There are 2 protein chains.
Amino acid sequence: MQTQHVTLAEQLMRGEVFSDQCPSRQILNHVTSRWGGLVLIALMSGTHRFSALRRKIRGISEKMLAQTLQILEQDGFVARTAYPVVPPHVEYTLTPLGREVARKVEALADWIETNLHEILSRRPGATN
Amino acid sequence: MQTQHVTLAEQLMRGEVFSDQCPSRQILNHVTSRWGGLVLIALMSGTHRFSALRRKIRGISEKMLAQTLQILEQDGFVARTAYPVVPPHVEYTLTPLGREVARKVEALADWIETNLHEILSRRPGATN
DNA sequence: CAGTATCCTCATTGATACTG
DNA sequence: CAGTATCAATGAGGATACTG
C-alpha cells in the first residue's frame, strides 16, 4: 500500500471534514461530544424527561445535560416539549433528523461494545 | 461527581456506554475525539507517513497527531511500522479492526455532510 | 421538576524548542 | 523525518446553591 497523493481539490470533493471552517465540523463535534452522542442514543428508546436522562446517562451533570440538550435542539435533532404544570414537566424526543444521526452514532457505539473484548484483549497488558 | 449510587458490578454487567465505568466509553471517546475520527478517516485511503497525515489533517499539531496515533495504536486500530533508516521512516495503516471503526465514523461524517443544508436551514437565524 | 447562576478546577490543546 | 519535552493558555466540565 502506497502513500497516495491527494490534491486539495480532491480533498474538498471527498468531504469538508478535514477543513476547520466548514460547519459540518461543528455538527460533528456536537454529536460526538462527550455527552452529545450519549444523549442521542439514550433518546432512541423514546421520549425522556430531564431527570430520566440524567439517571440514564451516568456521570453527566445537570449543567452539561441542559447545555447538550440545548445544542442538539438548536441543530434540530431534539424536540423539547414543556408542559405548563407545577411541578414542571419537560419531555425530550428525537426529531426525524435526530433519529437518523442517532442511528449512525449508535452504530458506532454498538460496534465498539460488540468488539470491546477483542479490542481490550489486544491492548498491552491485557490478561486476556 | 457521582451523585447516583450504582454498584460497579451493576454498571459492568450492563456493559453499555451509559456506564461511566465501562471501557467502551473510553474507546468511544478515542474515536470521537477531536482528532481521532479524522485520523481514522484519513487512513482509510491507505498507508500514510507521519508528515503526510499532518499535511492532510489541517490544523493538527505534531503533538496531538503523535498522541492520537499512539492512542489508536493502543486500541489496535492503527498499525505503526518503523523502518530503521536515516532519516526515520514510519508508516501508519489501519488494522482490520481499525478499518471497521473507521467505516462507522465515516458513515457518521458523511451523513452530516449530506444533510448539512437541511440541518442548517432549520437552525434559528437561517435565511433559508 | 427542571433548570440557572456562579465559581473554580483541571484536562486538552498549542507553541516552541530540542533530539535520535 | 519523526518524534519528545516543556510550558502556557484556553475552555470544557464539575460542585454548589438558588429559583420559577
Side-chain angles (χ1 to χ4, degrees), chain A residues 2-3 5 18 20-21 25-39 42-43 47-75 78-93, chain B residues 1-6 17-18 20-21 25-39 42-43 47-75 78-93:
Chain A
Q2 75 292 340
T3 301
H5 178 70
F18 293 118
D20 282 11
Q21 290 95 330
R25 270 290 271 281
Q26 290 173 22
I27 308 295
L28 186 62
N29 283 336
H30 295 169
V31 304
T32 63
S33 68
R34 176 155 187 207
W35 304 112
L38 292 177
V39 168
L43 286 176
T47 299
H48 283 68
R49 297 182 63 169
F50 187 87
S51 52
L53 283 173
R54 197 146 134 60
R55 279 191 300 273
K56 192 166 189 174
I57 304 169
R58 307 244 75 106
I60 193 170
S61 65
E62 285 188 352
K63 178 184 163 185
M64 291 315 297
L65 179 54
Q67 190 178 110
T68 303
L69 284 169
Q70 280 174 9
I71 290 173
L72 294 177
E73 191 190 355
Q74 295 272 312
D75 289 341
V78 167
R80 179 183 185 274
T81 310
Y83 297 94
V85 296
V86 176
H89 184 130
V90 181
E91 292 184 347
Y92 293 93
T93 312
Chain B
M1 181 78 61
Q2 199 144 308
T3 50
Q4 309 289 330
H5 279 290
V6 176
V17 278
F18 293 127
D20 54 1
Q21 302 296 320
R25 190 120 132 204
Q26 265 102 64
I27 308 294
L28 186 62
N29 282 336
H30 294 169
V31 304
T32 63
S33 68
R34 177 159 185 200
W35 303 112
L38 291 176
V39 167
L43 286 176
T47 298
H48 285 68
R49 296 182 62 168
F50 187 87
S51 51
L53 283 174
R54 263 207 82 187
R55 279 190 300 274
K56 193 167 188 174
I57 304 170
R58 313 233 172 233
I60 194 171
S61 66
E62 284 188 353
K63 180 183 163 185
M64 290 315 298
L65 179 55
Q67 192 178 108
T68 303
L69 284 169
Q70 279 174 10
I71 290 174
L72 294 177
E73 190 190 357
Q74 295 272 310
D75 290 340
V78 167
R80 178 183 185 276
T81 310
Y83 298 92
V85 295
V86 177
H89 183 129
V90 180
E91 290 185 346
Y92 293 93
T93 311

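By convention in this document, chain letters (A, B, ...) are assigned in the order of the sequence lines, proteins followed by strands, and residues within each chain are numbered from 1. Just so we're clear, the structure is a prediction, and the values are computed from it rather than from any experiment.
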Could you work out, with side-chain contact (heavy atoms from CB on, under 4.5 Å) as the rule, every residue matching [X], not counting sequence neighbours?
{"X": "A/V86", "value": "none"}
{"X": "A/R34", "value": "none"}
{"X": "B/A79", "value": "B/T95"}
{"X": "A/Q70", "value": "none"}

Please report the distance, rounded to the nearest Å, between [atom1] in [X] and [atom2] in [N].
{"X": "A/F50", "N": "C/dT4", "atom1": "CZ", "atom2": "C1'", "value": "10 Å"}
{"X": "B/R80", "N": "D/dC1", "atom1": "CZ", "atom2": "P", "value": "16 Å"}
{"X": "B/L65", "N": "D/dG3", "atom1": "CG", "atom2": "P", "value": "8 Å"}
{"X": "A/R49", "N": "C/dC1", "atom1": "CZ", "atom2": "C1'", "value": "6 Å"}
{"X": "A/Y83", "N": "C/dG3", "atom1": "OH", "atom2": "P", "value": "13 Å"}
{"X": "B/L69", "N": "D/dA2", "atom1": "CG", "atom2": "C1'", "value": "11 Å"}
{"X": "B/L53", "N": "D/dC1", "atom1": "CG", "atom2": "P", "value": "14 Å"}

Classify the nucleic acid contact of [X] as base, sugar-phosphate or nothing, counting any heavy atom under 4.0 Å across all strands shown.
{"X": "B/Q70", "result": "sugar-phosphate"}
{"X": "A/Y92", "result": "sugar-phosphate"}
{"X": "B/R54", "result": "nothing"}

Non-neighbouring partners of A/T47 that pass side chain to side chain donor-acceptor pair (under 3.5 Å), sequence neighbours left out: A/T93

Set of side chain to side chain donor-acceptor pair (under 3.5 Å) partners for B/R80, sequence neighbours left out: B/Y92

Nucleotide-resolved protein contact map, nucleotides 7-20 of chain C, B/S/- at heavy-atom distance under 4.0 Å: B-----BBB-B--B

Five-pair end axes of the helix from C/dC1-D/dG20 to C/dG20-D/dC1, angle between them (10°): 60°

For B/R54, all residues meeting salt bridge (Lys or Arg N to Asp or Glu O under 4.0 Å), sequence neighbours excluded: B/E62

Contact summary for B/M64 and B/T68, nearest pair of heavy atoms: O-OG1, 2.6 Å

Under 4.0 angstrom between A/S51 side-chain N/O and C/dA2 OP1 or OP2: yes

Euclidean distance, B/T32 OG1 relative to B/R25 CZ, rounded to 0.5 Å: 10.5 Å

